[in-house]
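Letters A, B, ... mirror the listed sequences (proteins, then strands); counts begin at 1. Because only heavy atoms are used, hydrogens play no part in the values below, and waters and symmetry mates are left out as well, while side chains stay in.
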Number of protein chains: 2
Amino acid sequence: MQGMADRNPVRQRRARPDIREVLLESALVEFGAKGFDGASTRSIARRVEAHQPQLNYHFESKAALWTAAVDYLFGLLGEELADVLPTEIAGLDVSQLATIFAGGLRRFVGFAAKHPELNQIMVHEGTAASDRLEWMTATHVKPFFEAIKPGWLLLRSAGIAAPIDFEILYYVLIGAASLPYVNAPEVRLLTGRDPKHPDWIKAHGDALVAILLPGLAAAPSG
Amino acid sequence: MQGMADRNPVRQRRARPDIREVLLESALVEFGAKGFDGASTRSIARRVEAHQPQLNYHFESKAALWTAAVDYLFGLLGEELADVLPTEIAGLDVSQLATIFAGGLRRFVGFAAKHPELNQIMVHEGTAASDRLEWMTATHVKPFFEAIKPGWLLLRSAGIAAPIDFEILYYVLIGAASLPYVNAPEVRLLTGRDPKHPDWIKAHGDALVAILLPGLAAAPSG
DNA sequence: GTCTATAATTAGATAGAC
DNA sequence: GTCTATCTAATTATAGAC
């Protein structure tokens, strides 16, 4: 009960064993909402009742914090989509492949709804050239892009996937699958609906499967 | 040739009659690339060899500059899509309506390629609640959203548009149509292609018409 | 209307007590 | 490892000479 006891009424001296993860998750949200330049380390710390210098203690710099956040999110995405990787789909027939891809597309929509920060950060960074964009593209986006390419090409040849150039398809897919969650605050203002409601996510996944894999229903089932 | 003559080698004292428009266009680019918080008025001025206080002279504040930029861009979009407004499509049969909508979709893609700043600003702002988002949604996004709604519902009833909930369709369409231009720097790094090349834009528009208006080709022609 | 100088605030990072 | 205090640099906005 010193004289300055109530200057920071909620914050007391305390060690949190999970503080690194707590700070990282706060950073995801802030970087996603404001972009790298717009995000403030003070705000990231304040959001979880920590102090701004703790970020420089647990991470080397604001840039290193951003890198750790992106690594973490792409790690989660990789776990979610492990079954559509080329090593997993080798040897499947096109019908099985189509089913796997439809499931992957639905899970990608679910992931974008659950972790909108990944697509928010990507779309923020992708608007201007930077060292961060070069690193993120080379390290995470390109491997993801190349991983789904062979499956798409096969499904397109089989007449199951829409006849769209893969590079265009990639951006159509990412944009169409992620925007409602990237811009969830706008969705709520514009439509009065919550895009994170299971009904929205289900209908959204169904819609993308229907328009991007139009030959799926007609494909032979075995 | 005073002693400080070369401190600002390119900038000389000069009055530009079009300076307000020059500053506004510089602001579009900066707000699109960095978001509101990440954009700096110094950088906006420097980009066009002007001085930072000129922004406060010609616009009230950074916020007023942002508002003027958004008004300007939505004005351009309105001109581009005037023919798909409800007042223009009243009385058309569904086949004519489908043709108008396909053309509108292609022009929207062309607009997003030519003026990526509009969708960049929208996606930056839509990531977090703010007074700016509320104003932009109520003033510009909602009227646009409501204007294309009746046409879509009619085409969907006629079996020409994909059977997708309009609110979901809206975000699928905007995301799919704009992402390659919003994230053009990433597209170049990832694919080596330029999404603003006419071949890309044409193929992109064709793809969106094919997947969103799948009944167009089969529709009776008059 | 342009430009320099500067006020007031906030940013990321660091030092050092605890 | 936490926390306060503070450094340097950057921010938006304003005052006033030209």
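In this structure, Glu49(B) places its CD atom 20 Å from P of dG1(C), rounding to the nearest Å. In this structure, CZ of Arg46(B) is placed 15 Å from P of dC3(C), rounded to the nearest angstrom. The separation between Arg16(B) atom CZ and dC3(C) atom C1' is 13 Å, rounded to whole Å. In this structure, CZ of Phe31(B) is placed 13 Å from C1' of dT11(D), rounded to the nearest angstrom. As a whole-Å value, the separation of Gln52(B) CD from dA7(C) P is 15 Å. Atom pair Glu21(A):CD and dG1(D):C1' shows a separation of 14 Å (rounding to whole Å applied). One atom, CG of Leu23(B), and another, P of dG1(C), lie 12 Å apart when rounded to the nearest Å.
Judged purely by atom type and a 3.5 angstrom limit, Lys62(B) uses its side chain to pair as donor or acceptor with the backbone of Phe36(B). Of the possible polar contacts, one joining the Arg156(B) side chain to the Ile164(B) backbone as a donor-acceptor pair under 3.5 Å is found. No donor-acceptor distance shorter than 3.5 angstrom exists from the side chain of His51(A) to the backbone of Pro53(A), with no hydrogens or angles considered. At least one donor-acceptor pair closer than 3.5 Å links the side chain of Lys142(B) to the backbone N or O of Leu190(A). Glu117(A) places no side-chain N or O within 3.5 Å of a backbone atom of Phe31(A) that could act as its donor or acceptor partner.
Relative to the ring axis of Tyr181(A), Lys196(A) does not place its NZ or CZ within 45° and under 6.0 Å from the centre.
Taking both residues in full, the closest heavy atoms of Ile148(A) and Phe101(A) are given as O-CZ, 3.6 Å, listed atom of the first, atom of the second, then distance.
Neither OP1 nor OP2 of dT2(D) sits under 4.0 Å from any side-chain N or O of His51(A).
You'll find a donor-acceptor pair under 3.5 Å spanning the side chain of Arg42(A) and the base of dG12(C), going by distance alone.
Counting any heavy atom pair closer than 4.0 Å across all strands shown, Ala39(B) reaches sugar-phosphate atoms only and no base atom.
A heavy atom closer than 4.0 Å to some atom of DNA chain C occurs in Asn56(A), Ser61(A), Lys62(A), these being the qualifying members of residues 54-64 of chain A.
Listed candidates were dA5(D), dC3(C), dT11(D). Nearest to the side chain of Pro53(B) is dC3(C).
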